[in-house]
Colleague: 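The following block contains the structure, expressed as structure tokens.
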Number of protein chains: 2
Amino acid sequence: MLNNLTDHIKKFIDLSDTDIELINLAVAVKSVKKKAFLLQPDQSCKEIYFVSQGCLRLYFINKKLNEQITQFAIENWWLSDYYSLESGKPSNYYIQAVENSEIISINKNKLEELFKKVPRLERYFRIVQQRAFTAAQKRIEYIYSFSDEERYRNFSKRFPEFMQRIPQYMLASYLGFTPQFMSKIRAKKD
Amino acid sequence: MLNNLTDHIKKFIDLSDTDIELINLAVAVKSVKKKAFLLQPDQSCKEIYFVSQGCLRLYFINKKLNEQITQFAIENWWLSDYYSLESGKPSNYYIQAVENSEIISINKNKLEELFKKVPRLERYFRIVQQRAFTAAQKRIEYIYSFSDEERYRNFSKRFPEFMQRIPQYMLASYLGFTPQFMSKIRAKKD
DNA sequence: TGATTTTCTTAATCTTGATTCATTTTTTGA
DNA sequence: TCAAAAAATGAATCAAGATTAAGAAAATCA
């Protein structure tokens with residue numbers, strides 16, 4: 001549903017019918033099956049992804065050869081490897097669908113053209129980026145404030161619905177500890 | 001020097017002389033003595049800060065009553081508590097000068113007015129926020145990729161000049177470990 | 001629906017970095 | 001310039017969470 005994107009944008013800026021048409025011409029809608037990849041290491045990232053429906057994860061393989069998830073994206077979130085996108089360098093990351101998902105993508109160059117045609121979109125993305133940055137900061141604050149066990153309990157209190165949607169080992173990875181440790185703390189009390 | 005700010009902006013977007021005037025009218029320049037505070041907990045954060053000269057740090061007091069630094073800002077970096085800024089809620093953070101510094105501040109409301117007069121600034125801040133987010137992501141990647149010792153060695157290789165500017169205990173705090181542990185790994189080899 | 005793959009659990013041992021407490025070195029400011 | 005405060009070091013003990021190695025339970029799919 002293309003509307004999911006423009007509806008989201010309308011929460012932050014006004015859009016004329018022409019604006020909406022221009023946006024819809026610039027984007028592409030993809031149905032992505034669970035476990036399918038939108039980005040793999042050594043590809044350079046050319047697009048940003050808006051989750052219209054479903055869930056994506058961003059992860060890399062660390063030195064111990066485990067998957068390390070650094071972000072999830074659910075409905076109304078953007079996801080990309082901005083480092084690769086900006087630098088043009090090959091990514092270290094995978095972007096993979098955690099569920100069957102509907103994704104709206106915009107190519108980097110098309111987005112630049114779109115900014116020229118609809119300059120107010122700069123404002124929308126400024127706000128979106130600021131929020132993403134704020135969330136990343138909060139995450140760093142949490143990492144340094146709480147023990148792994150506390151972060152797990154905290155997360156399960158704050159996002160009980162989301163926990164239903166993903167396997168536990170993915171949450172363990174996102175929180176930065178092993179599935180074994182997660183079992184241990186879950187066994188204590190839940 | 002007001003020029004430091006407009007010069008930085010000009011790296012990303014074109015500015016007319018009028019734009020520059022409007023920007024300079026909206027901002028305030030402050031000389032900030034080492035250890036002076038720009039923000040303290042329970043105040044709500046009303047401004048964003050651009051470091052024209054010097055160094056700022058953003059930190060909070062964690063549950064163990066230690067200072068936890070989450071960001072530094074040196075020349076040409078912006079710093080703020082965006083969470084407090086956006087929500088209007090009282091901050092949990094201190095923003096403090098690490099060195100005698102020259103800081104250019106913009107009040108939140110003045111910035112909104114300025115965006116109306118110079119809409120291209122939305123683009124500048126979009127790019128700045130995207131880079132800040134990318135840096136925060138990289139930081140999270142590092143936290144989960146490397147041991148504390150590896151992160152220390154990594155940091156000292158990548159930013160030798162910056163390490164000269166700040167006390168070691170601040171770097172230990174930023175990297176998330178104790179000064180004692182830092183002494184230990186420095187003693188091994190340097 | 002049964003076989004295979006994926007996910008979760010348990011337990012023993014090991015490691016990294018915290019804690020505590022004391023001392024030394026460096027910086028600052030009156 | 002010297003006293004006080006701030007910063008860095010050292011060593012002993014401790015704890016959170018990793019690792020390793022099974023095995024059990026759930027989900028998937030042909």
Colleague: Is it true that the NZ or CZ of A:Arg165 lies under 6.0 Å from the centre of A:Phe72's six-membered ring and within 45 degrees of the ring axis?
Modeller: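 Here A:Arg165 fails the 6.0 Å and 45° test against A:Phe72.
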Colleague: B:His8 and ring pair (Phe, Tyr, Trp, His ring centres under 6.0 Å): which single residue from B:Trp77, B:Trp78, B:Phe50 fits?
Modeller: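 Single pass found, and it is B:Phe50.
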Colleague: Whole angstrom is fine here: how far is it from CE in A:Met182 over to P in C:dA11?
Modeller: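 Value for this atom pair: 19 Å.
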Colleague: Whole angstrom is fine here: how far is it from NZ in B:Lys63 over to P in C:dT19?
Modeller: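 Rounding to the nearest Å, NZ of B:Lys63 and P of C:dT19 are 12 Å apart.
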Colleague: Does the ring centre of B:Phe125 sit less than 6.0 Å away from the ring centre of B:Phe115?
Modeller: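 They qualify: ring centres under 6.0 Å apart.
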Colleague: B:Phe146 has an atom CZ; how far is it from atom P of C:dT15, in whole Å?
Modeller: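 Rounding to the nearest Å, CZ of B:Phe146 and P of C:dT15 are 22 Å apart.
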Colleague: Given the ring of B:Tyr59, does B:Arg57 sit roughly above its face, with NZ or CZ under 6.0 Å from the centre of the six-membered ring and within 45° of the axis?
Modeller: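 Yes, B:Arg57 lies over the aromatic ring of B:Tyr59.
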Colleague: Distance check needed: C:dT6 C1' versus A:Glu67 CD, whole Å only.
Modeller: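 It is 12 Å, rounded to the nearest whole Å.
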Colleague: Check the phosphate of C:dT9 against A:Arg186, side-chain N and O only, distance under 4.0 Å to OP1 or OP2. Yes or no?
Modeller: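 So the side-chain polar atoms of A:Arg186 do come within 4.0 Å of the phosphate oxygens OP1 or OP2 of C:dT9, strictly under.
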Colleague: Side chain of A:Ser91, backbone of A:Asp81: donor and acceptor closer than 3.5 Å?
Modeller: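 Judged by distance alone, no pair lies under 3.5 Å.
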Colleague: In terms of side-chain geometry, is the basic nitrogen of B:Arg126 or A:Glu112 positioned less than 4.0 Å from the acidic oxygen of its partner?
Modeller: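 A salt bridge links B:Arg126 with A:Glu112.
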Colleague: Check the distance between D:dA18's P and A:Asn66's CG and give it to me in whole angstrom.
Modeller: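 Interatomic distance, CG of A:Asn66 to P of D:dA18: 10 Å.
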Colleague: What's the OH-C1' distance between A:Tyr152 and C:dC8, to the nearest Å?
Modeller: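 Answer to the nearest Å: 12 Å.
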Colleague: Among D:dA6, C:dT9, D:dA8, which is the nearest nucleotide to the side chain of B:Ser183?
Modeller: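 Nearest to the side chain of B:Ser183 among the choices is D:dA8.
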Colleague: Enter the distance from A:Leu22:CG to A:Lys116:NZ here, rounded to the nearest 0.5 Å.
Modeller: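 It comes to 14.0 Å.
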Colleague: For A:Ile143 and D:dA16, give me the distance from atom CD1 to atom C1', rounded to whole Å.
Modeller: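 In whole Å, D:dA16 C1' lies 16 Å from A:Ile143 CD1.
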Colleague: Residues from residues 161-180 of chain A sitting under 4.0 Å of DNA chain D, heavy atoms only?
Modeller: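 Output list: A:Gly176, A:Phe177, A:Thr178, A:Gln180.
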Colleague: Just the table, please: protein N/O against nucleotides 26-30 of chain C N/O, every pair under 3.5 Å.
Modeller:
from, atom 1, to, atom 2, distance (Å)
C:dT28, OP1, B:Lys34, NZ, 3.3

Colleague: Could you point out which residue of B:Tyr93, B:Tyr94, B:Tyr49 forms a ring pair (Phe, Tyr, Trp, His ring centres under 6.0 Å) with B:Phe37?
Modeller: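 Of the listed residues B:Tyr93, B:Tyr94, B:Tyr49, the ring pair (Phe, Tyr, Trp, His ring centres under 6.0 Å) partner of B:Phe37 is B:Tyr94.
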Colleague: Cationic tip of A:Lys138 within the cone over B:Tyr83's six-membered ring, i.e. under 6.0 Å and within 45° of the normal?
Modeller: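 The answer is yes; both the distance and angle limits are met.
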Colleague: Rounded to the Å, how far apart are A:Lys33 NZ and D:dT28 P?
Modeller: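 In whole Å, D:dT28 P and A:Lys33 NZ are 14 Å from each other.
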Colleague: Output the single nucleotide from C:dT10, C:dG17, D:dA18 whose closest atom is nearest the side chain of A:Lys184.
Modeller: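 It is D:dA18.
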